[in-house]
There are 4 protein chains.
Amino acid sequence: MPRAVRERQMLDAAVEVFARRGYSAASMDEIAELAGASKPLVYLYLNSKEELYGACIRRESRALLDAVQSAADPEDSADRRLWCGLRAFFAHTAAHPSAWAMLSCQARIHGEPFAQALAELRQEIVDFVAQLIAAAGRDQERAGAALDAEEVSGLAHALVGAAESLAGWANTRADAAPPAKETAATLMNVTWAGLENLLNGQRWAPVRP
Amino acid sequence: MPRAVRERQMLDAAVEVFARRGYSAASMDEIAELAGASKPLVYLYLNSKEELYGACIRRESRALLDAVQSAADPEDSADRRLWCGLRAFFAHTAAHPSAWAMLSCQARIHGEPFAQALAELRQEIVDFVAQLIAAAGRDQERAGAALDAEEVSGLAHALVGAAESLAGWANTRADAAPPAKETAATLMNVTWAGLENLLNGQRWAPVRP
Amino acid sequence: MPRAVRERQMLDAAVEVFARRGYSAASMDEIAELAGASKPLVYLYLNSKEELYGACIRRESRALLDAVQSAADPEDSADRRLWCGLRAFFAHTAAHPSAWAMLSCQARIHGEPFAQALAELRQEIVDFVAQLIAAAGRDQERAGAALDAEEVSGLAHALVGAAESLAGWANTRADAAPPAKETAATLMNVTWAGLENLLNGQRWAPVRP
Amino acid sequence: MPRAVRERQMLDAAVEVFARRGYSAASMDEIAELAGASKPLVYLYLNSKEELYGACIRRESRALLDAVQSAADPEDSADRRLWCGLRAFFAHTAAHPSAWAMLSCQARIHGEPFAQALAELRQEIVDFVAQLIAAAGRDQERAGAALDAEEVSGLAHALVGAAESLAGWANTRADAAPPAKETAATLMNVTWAGLENLLNGQRWAPVRP
DNA sequence: AATGAATGAGGATTCATTCAT
DNA sequence: TATGAATGAATCCTCATTCAT
């Protein structure tokens, strides 16, 4: 069996196992067995548990980022771009549940190796969303209402967190998961109006009872 | 040193270490050392790694839930209740970063023991938010616009995910973390307008370009 | 509670636990708990696991030896003395099953401490039986047929082994254990005729087919 | 070194150590060292202390049973069969003293794992002997004197116990152990006459002085 | 391209034992 | 007389990793 094929099988198996168990509880034995190869071969191709994990993360984050970024047509309006990106995001996470479980489950553990790689992926997504929000602000053509970078970043984090949460929620109901389109709509429903208001300078404020 | 005190020290240390490393990578040695006690004593009081983890999770989820639930005055309007709950949530997670790291980091790993307990905590929070949303719908007094349970659940998940993400984001900037009030405001800004629209029967829809 | 009483409770508990688990698998915790005392007290009175075990063995072997030896009236004929000794043996082992389990189960493990003490007890019993056999030989008043010491020792070992085995067998059928008298009769039935024959110079010999 | 060979070395070492120390006091470290292998290898091949013990017991009981059962020619008379079986038994236990020590030492400890397996081995031997006794009864062709099953079982237990005891006795005098043939003769001497008497309906009875 | 054989290092857990009171 | 608090030392077991073939 040619090396490239074997290597892909190994990564597939590793993603599966890392998703199921987490990094430290995953065992190279289980991975090798699931990959249908002997452990020395796994080591020959991928060197160590840490590198294997790194390779999994790189492969899966690239795939997810590609899916999201290529879904947003730069010609479109900001809300359409966001909407398309979200649809692509939910479609991808639903199509690759193990990959998403691996990426999302340990995104914030600091001790594990490659926590940084995971954090970077997350940052890239957040940045992408932040750009969309900023672009929407420019579409609005109201320089006065411009949000500061800090605030945009916060909004992007909120949006991404909501998306992650919805992706996980959708994946748990394996039987009757709502289609990506619907999940994306839910999220647009909750957030877009608020974003528009913000960009128009309207803020929610607590009403003294 | 009396047992109760020691036990609390141990739980504190364990929360710290579980947060730093995750369940499986955490070692009882490290926990015992951080607690300033010997390993056998940890076992004497808390029986096993699994039970220790369980005790940590129970203690910290209860504390977080209490903080959030007791912050919302049932006499208030729905948006005020949500606002107060969020403020309490962000204040608590900021005050107990390790606890929040422990609770949030592994919320979705399935293999670990107590994944279920974690999932239940999350569900309780989601339910709490879902109630608030439903209550807001009733405040609106428009029976016709009532959202179905499924949709409310989705919205709640989105909101909770956004909150979790913001809490993590706030905690990473230890130096200049925004105050809970501000973070809560950000989240209300993004979501409340959308929720109100929904409750009024207005939905966001993609505009064909 | 006076020391003597407590000490007896401890020995009782220890015999029970040593019988159930064997020396090394028995834990001082279990013994202390069963004795209804704290571990430090056990150590105060009995010093160490090894000494505790020694005390148990001494107490129980002395009791068993006393029972057997005091049952045989030196005025009686050899077979009566043997018969009475066996009855006493089976009665005692049936009345103190834990003690017998403790004494018999590990009689031959060499590594354990006090294996020697156990071996000595066994030797004392064997010697007692050997004396009876030798006495029976003298009763027979046939100097010519005298068995050599070696052979007598072998016979005694056989008899004692048979008795031990029967005692264990009787103890396993807790519900319907045969009375000591019957067990003793079984053993006399199998062995006495053979012994008499031997003392008369008749030996069993394989018959070429 | 091929796996089969290594595995045998491990079993040999384990039998040795279990015999010396008993199950719970035996340490996997000592076994591995005696086997000339590392501990992980022992675990790789034999899974756990418990399974290793089980494997030892199975191997050694099978060997002993085979030796005894194949020694008795079914064409022979009952006493010859018994005699041959005993000779084989004593020869085997003398040739494999560790195995016999392991099998006999803990035959009656209840808590240990595999106590049942040991008990079953013993029962198989007892049953084998019981069959011989019953067969001897049939040879006698005196239906009237037939012993009931219960009594036969008791006799078999006595005989087996005597044999075990003699085997242990023979093994302790490593220097000048009597040959198996002699030990077997001793046992036949003590027991066969009694058995024959019983089968002829004659019982020993205490004589009132 | 592929693997059976092998291990050093480390982790969870238990236990006999002691001290301060 | 009696004990709550505490631990050093072992023990079972697992895992990432390598070598010889």
Mapping C/Pro2 and A/Met28 to their closest nucleotides on DNA chain F, which lands nearer the 5' end?
C/Pro2
Pairing residues for C/Glu16 by the salt bridge (Lys or Arg N to Asp or Glu O under 4.0 Å) criterion, not counting sequence neighbours
C/Arg20
Looking at D/Tyr23, does the NZ or CZ of D/Lys49 lie under 6.0 angstrom from its six-membered ring centre and within 45 degrees of the ring axis?
yes
Integer-rounded Å distance: E/dT13 C1' and B/Leu52 CG:
13 Å
In whole Å, I'd like the distance from the CG atom of D/Asp29 to the P atom of E/dG10.
16 Å
From OH of B/Tyr23 across to P of E/dG11 the rounded distance in Å is 14 Å
Please identify each residue that fulfils side-chain hydrogen bond (donor to acceptor under 3.5 Å, both in side chains) with D/Asp12, with sequence neighbours left out.
D/Arg59
Holding to salt bridge (Lys or Arg N to Asp or Glu O under 4.0 Å), I want the full list of residues that pass it with B/Arg58, two or more places apart in sequence or in another chain.
none
What is the distance, to the nearest angstrom, from the CD atom on B/Glu30 to the C1' atom on E/dT13?
18 Å
For residues 38-48 of chain D, which residues have at least one heavy atom under 4.0 Å from DNA chain F?
D/Lys39, D/Pro40, D/Tyr43, D/Ser48
Sorted by chain and number, sequence neighbours left out, side-chain hydrogen bond (donor to acceptor under 3.5 Å, both in side chains) with A/Asp29 holds for A/Lys39
Taking 5' to 3' order, which nucleotide of DNA chain F is first and which is last to have an atom within less than 4.0 Å of a heavy atom in chain A?
F/dA16 to F/dC19
Tell me, please, which residues at least two apart from B/Glu124 pass side-chain hydrogen bond (donor to acceptor under 3.5 Å, both in side chains).
none
Output all residues satisfying side chain to side chain contact (heavy atoms under 4.5 Å, CB included) with C/Glu51, sequence neighbours left out; order by chain, then residue number.
C/Asn47, C/Ser48
Counting only side-chain nitrogens and oxygens, does A/Arg3 get under 4.0 Å of the OP1 or OP2 atom of E/dA2?
no
Contacts of type side-chain hydrogen bond (donor to acceptor under 3.5 Å, both in side chains), residue D/Gln123, not counting sequence neighbours
D/Asp127
Which is more 5' along DNA chain E, the nucleotide nearest D/Met1 or the one nearest B/Ser27? Just name the residue.
D/Met1
For C/Tyr43, which residues count as a side chain to side chain contact (heavy atoms under 4.5 Å, CB included) partner, sequence neighbours excluded?
C/Met28
Comparing nearest nucleotides in DNA chain F, the 5'-proximal residue of the pair C/Gly36, D/Lys49 is C/Gly36
Do the non-hydrogen side-chain atoms of C/Leu64 and C/Trp100 ever get within less than 4.5 Å of each other?
yes
Within the structure shown, what part of the strands sits under 4.0 Å from D/Ala32 by heavy-atom distance: base, sugar-phosphate, or nothing?
nothing
Mind checking what makes salt bridge (Lys or Arg N to Asp or Glu O under 4.0 Å) contact with D/Glu7, not counting sequence neighbours?
D/Arg3
For DNA chain E, produce a single dot-bracket line, 5' to 3'. Pairs: Watson-Crick or G-U wobble, both distances under 3.5 Å. Symbols: ( ) within strand, [ ] crossing, | other strand, . unpaired.
.||||||||||||||||||||
